[in-house]
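First up is the structure itself, then whatever we jot down about it.
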Number of protein chains: 2
Amino acid sequence: MADIRDVAQRAGCSIATVSRALNSPQLVRPETLARVQAAAAELKFRPNALGRQLRGERTGLIGVMLPTLGNPVFADCLEGIEAAIDGTGRRLLLVTTQYDPERERNAIETLLQQRVDGLLLTLADAEHSALIDDLAAEGVACQLVYNDAPERPCVSVNNRAAAAQGVAMLIEAGHRDIVMVTGALHASDRAKRRYLGYGDAMQAAGLTPLPAFEIDFNSGARGERVREWLAQRERDGARPTALFCSNDLLALGVMRALREAGLRVPDDMSVLGFDGLAVGELLSPTLATVVQPSVDIGRHAAQRLLAQIEGRDGRTGVATTLPDASLGQALILPHEIRRGGTVAAPPGKPR
Amino acid sequence: MADIRDVAQRAGCSIATVSRALNSPQLVRPETLARVQAAAAELKFRPNALGRQLRGERTGLIGVMLPTLGNPVFADCLEGIEAAIDGTGRRLLLVTTQYDPERERNAIETLLQQRVDGLLLTLADAEHSALIDDLAAEGVACQLVYNDAPERPCVSVNNRAAAAQGVAMLIEAGHRDIVMVTGALHASDRAKRRYLGYGDAMQAAGLTPLPAFEIDFNSGARGERVREWLAQRERDGARPTALFCSNDLLALGVMRALREAGLRVPDDMSVLGFDGLAVGELLSPTLATVVQPSVDIGRHAAQRLLAQIEGRDGRTGVATTLPDASLGQALILPHEIRRGGTVAAPPGKPR
DNA sequence: TTGAAAGCGCTAACAT
DNA sequence: ATGTTAGCGCTTTCAA
């Protein structure tokens, strides 16, 4: 593989001139420039980014860490990130963590060793994580994505208010026995906030919030769990009339389990999701859900990160222009309630 | 940020010893090792991967180029890739191209400049692309993903046979008027092969293949297009009874358009997809589709790439162990037909 | 406008 | 077991 020296020799100039020709063509005489370009082309010269990055003060690399791409909500977000960095000459280093805190630590460390200019992270639980404080202390440019941590640099929706609004819609449809279904509650700051929002809405309507029904997210036998739970509730004579699922993927799985258990949605049971996956609109009945603007969340997070990076010295990480204080705080994007066919009046109480 | 020299000084040894302590601990006296580790910890030393990569013969970076993550089929594949490299200490550099051939060129060049050890690519059209030959000529380790190019290093299903089998199922259900719906046919080698398979199945049954109905993939107004087309067909008295969609995402969009046009699936029209997206099983009716093992495609492609990389000298790219010839050829994974509620007997001809 | 030279942080001979 | 040293390929003063 030809290096800059080979090009210099062939063009009859020094390596400094080649470097200039490539990076600041206006600094070099047109004639020389042409010779360098010709030489580079003939030798199929491909600049080694590692050399440049080692020498320079920035790598142009952005580290992205997400729990999984199996949930389209994260894939969508990543599309937004891609869109935001498109044309900036930056590249993405991607890692997924499967919601595993240890993998989170390792992944971040790896990304930092590669000298990424900044980090875009979705943590399983940003509240119980010292990671972010460490990063801030080290002066690493970083934005949280989806995590809903008011005092931190993050981009999200107001999960609590959004959930409350969704549940209020269920109540308005006539439901009083509403249960929230979620993955492990302790493992996700978003799920926790959504549960708080559920509680808010129930109490505002004078109803008693019920314990959440937690399902292991990684278990293959989710359908089985749901059916057991339903049977149990049935025996207790306490079957709810509506389920609020902490995310759309879960809602889809739950709906399938309901179907397998012989329950119809929405006739026997209403279902509300959270996320706003595009696929929800293609179902029939369409999935009622709390929509978060996933692509925009990704896009904004990336834009904020870029602003953060560009507002500081690349080598030292020290702010060079006065930092936009808002970049260190949460950016809350608007959510939306999508009404859908999976929510109707409870059985026996048509409105 | 502390560098290896700082650690050496603090540990009272040379930088070479520090390097050894980090990379080959067994070469260094336990006592020294401890001193180095202590020094590294105290200084919060974070090895600079760029230095190592510049010096070494491999970067541990894998370049991944996919058309989009908006289609879960690629997100799934990426999960498989992640799974395969997990634990190998390698990282992914990810780029999406939106099926744009120019972006494909640029992306590959960028990845190569970063000195990735190998490339995992899904090209819009691998047949009309000289890129792969160029890469092969340069000795770049590379595997195509999903592209179905018999003579090339790729991992895919037999798109033609798979499509034929799917269409045969439609025919078996009693359909004779079957149209294939697809994105721009010329832009995708997969769509082309699936169309060939469609033709095979039609002819095998003594039916005349019809021209494909091509819809612009990037258009927001797909539903509109579908309705227009249906109306036109209606006027001509040539409305098909079944649609074979070249991928599941398209099938979902088409089904929505059908619903909006007042047609019921499968009563008025049967629909068959291709991909086997998990979400298809959650719909009701469930989506009948030709399933490709997306995660496995990603996983196998990554494994083959790693084998390719490890079987050659990192610096020169020259084979050092005798290269497994099969890595240069297509690996065809088995597909599967998933029967689903979207396919039934044509109207008026119940079986 | 161009060149010489000093590194960026690390690894791997080679020497001790 | 450890140290010395020569780069990996590039950018960027500083001088000419």
Side-chain angles (χ1 to χ4, degrees), chain A residues 1-37 39-40 43-61 89 112-117 313-317, chain B residues 1-37 39-40 43-61 89 112-117 313-317:
Chain A
M1 174 98 267
D3 71 4
I4 201 176
R5 237 172 305 267
D6 302 322
V7 178
Q9 185 168 12
R10 175 134 196 160
C13 64
S14 74
I15 62 169
T17 299
V18 175
S19 177
R20 291 191 196 98
L22 265 29
N23 304 309
S24 328
Q26 73 285 4
L27 293 185
V28 69
R29 191 154 43 99
E31 189 192 333
T32 320
L33 178 57
R35 282 210 322 280
V36 171
Q37 287 170 336
L43 296 172
K44 291 186 200 285
F45 172 61
R46 178 146 43 217
N48 185 328
L50 298 170
R52 168 209 287 267
Q53 290 164 354
L54 182 55
R55 175 61 217 250
E57 40 185 31
R58 287 207 234 284
T59 57
L61 262 20
L112 258 17
Q113 290 189 3
Q114 191 69 42
R115 296 307 190 257
V116 296
D117 293 337
D313 180 87
R315 182 162 294 283
T316 64
Chain B
M1 173 98 270
D3 72 3
I4 200 175
R5 236 172 306 267
D6 302 324
V7 178
Q9 187 168 11
R10 174 134 196 163
C13 66
S14 74
I15 62 168
T17 299
V18 175
S19 177
R20 288 191 199 99
L22 265 29
N23 304 307
S24 326
Q26 73 284 6
L27 293 185
V28 66
R29 191 154 44 102
E31 188 191 334
T32 320
L33 178 59
R35 283 210 322 279
V36 171
Q37 286 169 338
L43 296 171
K44 289 184 201 281
F45 172 61
R46 178 145 44 219
N48 186 328
L50 298 170
R52 165 208 289 266
Q53 289 164 354
L54 182 55
R55 176 58 219 251
E57 38 186 32
R58 288 208 234 284
T59 57
L61 262 21
L112 259 16
Q113 290 190 5
Q114 192 68 40
R115 296 306 190 260
V116 295
D117 293 336
D313 182 87
R315 182 163 295 283
T316 63

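Owing to the predicted nature of the structure, the values given are computational and were not obtained by experimental measurement. So you know, we letter chains A, B, ... as the sequences are listed, proteins then strands, and number each from 1. Only heavy atoms go into these numbers, but all of them, side chains included; no hydrogens, no water, no symmetry mates.
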Within the structure, does a side-chain N or O atom of [X] lie under 4.0 Å from either OP1 or OP2 of [N]?
X: B/Arg29; N: D/dA1; result: no
X: A/Asn23; N: D/dT11; result: yes
X: B/Thr17; N: D/dT2; result: no

**Report entry** Distance in angstrom units between A/Leu54 CG and D/dC8 P, rounded
**Finding:**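 Taking atom P of D/dC8 as the reference, CG of A/Leu54 is at 13 Å.
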Query raised in the report: Please give, in whole Å, the distance from D/dG9 P to A/Gln9 CD?
Result: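 In whole Å, D/dG9 P and A/Gln9 CD are 15 Å from each other.
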[X] has a side chain; which of [options] sits nearest to it?
X: B/Thr32; options: D/dT2, D/dC10, C/dG9; result: D/dT2
X: B/Arg55; options: D/dG3, C/dT11, D/dT11; result: C/dT11
X: A/Cys13; options: C/dT1, C/dG3, D/dT11; result: C/dG3
X: B/Arg5; options: D/dG3, C/dT2, C/dC10; result: C/dC10

**Report entry** Closest approach of B/Asp6 to B/Met1 (non-hydrogen atoms, all atoms of both residues)
**Finding:**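 Closest heavy-atom pair between B/Asp6 and B/Met1: OD2-O, 4.3 Å.
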Requested in this report: Work out which heavy atom in B/Ala40 is nearest to a heavy atom in B/Val7; give both atom names and the distance.
Outcome: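 Of all heavy-atom pairs spanning B/Ala40 and B/Val7, the closest is N-CG1, 4.0 Å.
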Query raised in the report: Which sits closer to the 5' end of DNA chain D, B/Leu33 or A/Leu50, going by the nucleotide each is nearest to?
Result: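 Between the two, 5'-proximity favours B/Leu33.
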Query - Any donor-acceptor N/O pair under 3.5 Å between D/dG3 base and B/Arg20 side chain - result: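 Checked by distance alone, the answer is yes.
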Report task. Using a heavy-atom cut-off of under 4.0 Å over every strand shown, decide if A/Ser19 touches base, sugar-phosphate, or nothing. Result ->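 Result for A/Ser19 = base.
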